[in-house]
Amino acid sequence: MRKTCGIFLVIVLIVLMTACGGGSVSDNAISTDNSVNSLPENLIMLDTGEWPENEYTANIPQPDSGTVEHGRIDPDNQYCYIEMKDVNSATMENWYGLLMNSGFSEVRKIAEEINGQDYTSTNALLQNDDVTVSMAHLSTDKGEFVLYITRKNEN
C-alpha cells in the first residue's frame with residue numbers, strides 16, 4: 001500500500017509540475033521587453049535599391065553607382081541615414097568631388113589603410129550653408145558606404 005501511494009504521489013507531482021509550467025522558452029522570449037534595442041516608432045524607412053529623394057537629399061548629387069541597402073529618416077532628431085553597398089573608391093571620390101563642386105566645403109577628411117587588412121577606410125565631413133554630410137567608405141569587396149545627412153533647424 002505504501003509503495004502504491006508513493007508511486008501515485010510521484011505521478012501526481014509530475015502531472016502538477018507539467019501543468020504549472022505552462023509555457024516554453026520561446027513563449028518567455030516573446031514577452032521579454034526589448035524596447036532598449038528597438039528603433040523609435042516614428043522613423044521613416046527608405047526604399048532599398050534606389051537613391052532616396054527627400055528634403056535631406058534634395059540638393060545632394062546622387063552617387064554614380066551603388067545600391068541603397070538601408071535608409072531611414074528620423075524626424076525627431078532631424079537626420080537622414082543611408083547605407084549603400086557596391087560603391088568603389090573611384091565612385092566615392094567622384095561623388096566627393098561633385099559635393100565640393102556643388103557648394104560643400106570640407107570640414108575634415110581622413111583616409112587610411114587598415115593595418116593587416118586589404119582595404120582603406122575613408123571618412124569625411126562636408127558642410128554647406130544648411131546641410132552637413134558625414135560619410136564613411138570601406139574599400140572592401142562589398143564597397144560599404146554610409147551617409148549621415150543633417151539640416152540646420154529653420155526655427
Side-chain angles (χ1 to χ4, degrees), residues 14 17-155:
I14 291 172
M17 288 174 62
T18 305
C20 291
S24 65
V25 174
S26 62
D27 290 342
N28 291 337
I30 292 171
S31 65
T32 302
D33 181 15
N34 287 325
S35 61
V36 174
N37 297 327
S38 63
L39 294 172
E41 291 180 17
N42 63 337
L43 289 181
I44 301 167
M45 302 310 287
L46 303 175
D47 292 335
T48 59
E50 57 189 57
W51 179 254
E53 294 183 20
N54 56 56
E55 65 182 291
Y56 294 93
T57 62
N59 296 318
I60 295 177
Q62 178 179 348
D64 295 336
S65 64
T67 305
V68 175
E69 280 196 308
H70 306 284
R72 63 182 174 265
I73 295 174
D74 185 334
D76 290 343
N77 296 308
Q78 299 180 341
Y79 72 83
C80 178
Y81 171 84
I82 303 168
E83 190 174 321
M84 298 178 71
K85 66 177 182 176
D86 302 326
V87 177
N88 61 33
S89 295
T91 298
M92 188 274 307
E93 288 296 335
N94 183 46
W95 187 73
Y96 185 85
L98 289 172
L99 285 173
M100 297 293 284
N101 291 335
S102 67
F104 281 85
S105 60
E106 179 182 290
V107 176
R108 185 164 177 120
K109 183 178 180 185
I110 300 171
E112 62 182 328
E113 290 185 23
I114 306 303
N115 289 336
Q117 304 295 320
D118 190 24
Y119 66 89
T120 301
S121 172
T122 304
N123 300 282
L125 183 63
L126 299 140
Q127 190 171 27
N128 71 10
D129 294 334
D130 64 338
V131 177
T132 302
V133 177
S134 175
M135 58 183 256
H137 179 258
L138 296 178
S139 63
T140 62
D141 292 340
K142 291 182 181 180
E144 299 163 277
F145 191 51
V146 176
L147 302 171
Y148 184 83
I149 306 165
T150 59
R151 297 183 69 80
K152 286 185 181 177
N153 287 340
E154 297 176 8
N155 299 337

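Excluded from the calculations below are hydrogen atoms, water molecules and symmetry mates; all remaining heavy atoms, backbone and side chain alike, are included.
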Heavy-atom count around Lys109 NZ within 6.0 Å, excluding the residue itself: above 12? yes
Flag the pair Trp95 / Ile60 as yes when at least one side-chain heavy-atom distance between them is below 4.5 Å, and no otherwise. yes
Distance check, rounded to the nearest 0.5 Å: Leu98 atom CG versus Asp64 atom CG? 6.5 Å
Glu106 and Met100: side-chain contact (heavy atoms from CB on, under 4.5 Å), yes or no, with the steps? CA-CA 8 Å; Glu106 179 182 290; Met100 297 293 284; 4.1 Å; yes
Counting C-beta onward and ignoring hydrogens, is there a side-chain heavy-atom pair between Leu46 and Cys80 closer than 4.5 Å? yes
For Glu113, I'd like to know if atom CD has over 12 heavy atoms of other residues, nucleotides or ligands within 6.0 Å. no
What distance do Glu83 atom CD and Thr48 atom OG1 have between them, rounded to the nearest 0.5 Å? 11.5 Å
Candidate pair Ile82 and Trp51, rule side-chain contact (heavy atoms from CB on, under 4.5 Å), full reasoning: CA-CA 9 Å; Ile82 303 168; Trp51 179 254; 4.1 Å; yes
From His70 atom NE2 to Met45 atom CE, the distance as rounded to the nearest 0.5 Å: 8.5 Å
Got more than 12 heavy atoms from elsewhere within 6.0 Å of CD, Glu93? yes
Does the side chain of Pro52 come within less than 4.5 Å of Val68's, by heavy atoms? yes
Could you check whether any side-chain N or O of Ser139 sits under 3.5 Å from a backbone N or O of Thr120, counting only pairs where one atom can act as donor and the other as acceptor? yes
Nearest 0.5 Å, what's the NZ-CG distance between Lys85 and Leu138? 15.5 Å
Tyr81 versus Val146: any side-chain heavy-atom pair under 4.5 Å? yes
Below 4.5 Å, heavy atoms only, C-beta onward: do Val131 and Asn59 meet side chain to side chain? no
Nearest-0.5 Å distance, CG of residue Leu99 to CG of residue Asn128: 9.0 Å
Tell me whether Asn54 contacts the main-chain N or O of Tyr56 through its side chain, where contact means a donor paired with an acceptor under 3.5 Å. yes
Between Ile44 and Pro75, what is the shortest heavy-atom contact and its length? CD1-CG, 4.4 Å
Distance (rounded to the nearest 0.5 Å) between Glu50 CD and Thr67 OG1: 11.0 Å
Is a donor on one side and an acceptor on the other found under 3.5 Å between the side chain of Ser105 and the backbone of Gln127? yes
Would you check if Thr132 and Val107 make a side-chain contact, meaning some heavy-atom pair closer than 4.5 Å? no
Note: Met135 and Leu126 closest approach over all heavy atoms is SD-CD1, 4.2 Å
Can you give me the closest heavy-atom contact between Met84 and Ser65, atom names plus distance? CE-O, 4.0 Å
Within the 3.5 Å criterion, strictly below it, is a donor on Asn88 or Thr91 matched to an acceptor on the partner's side chain? yes
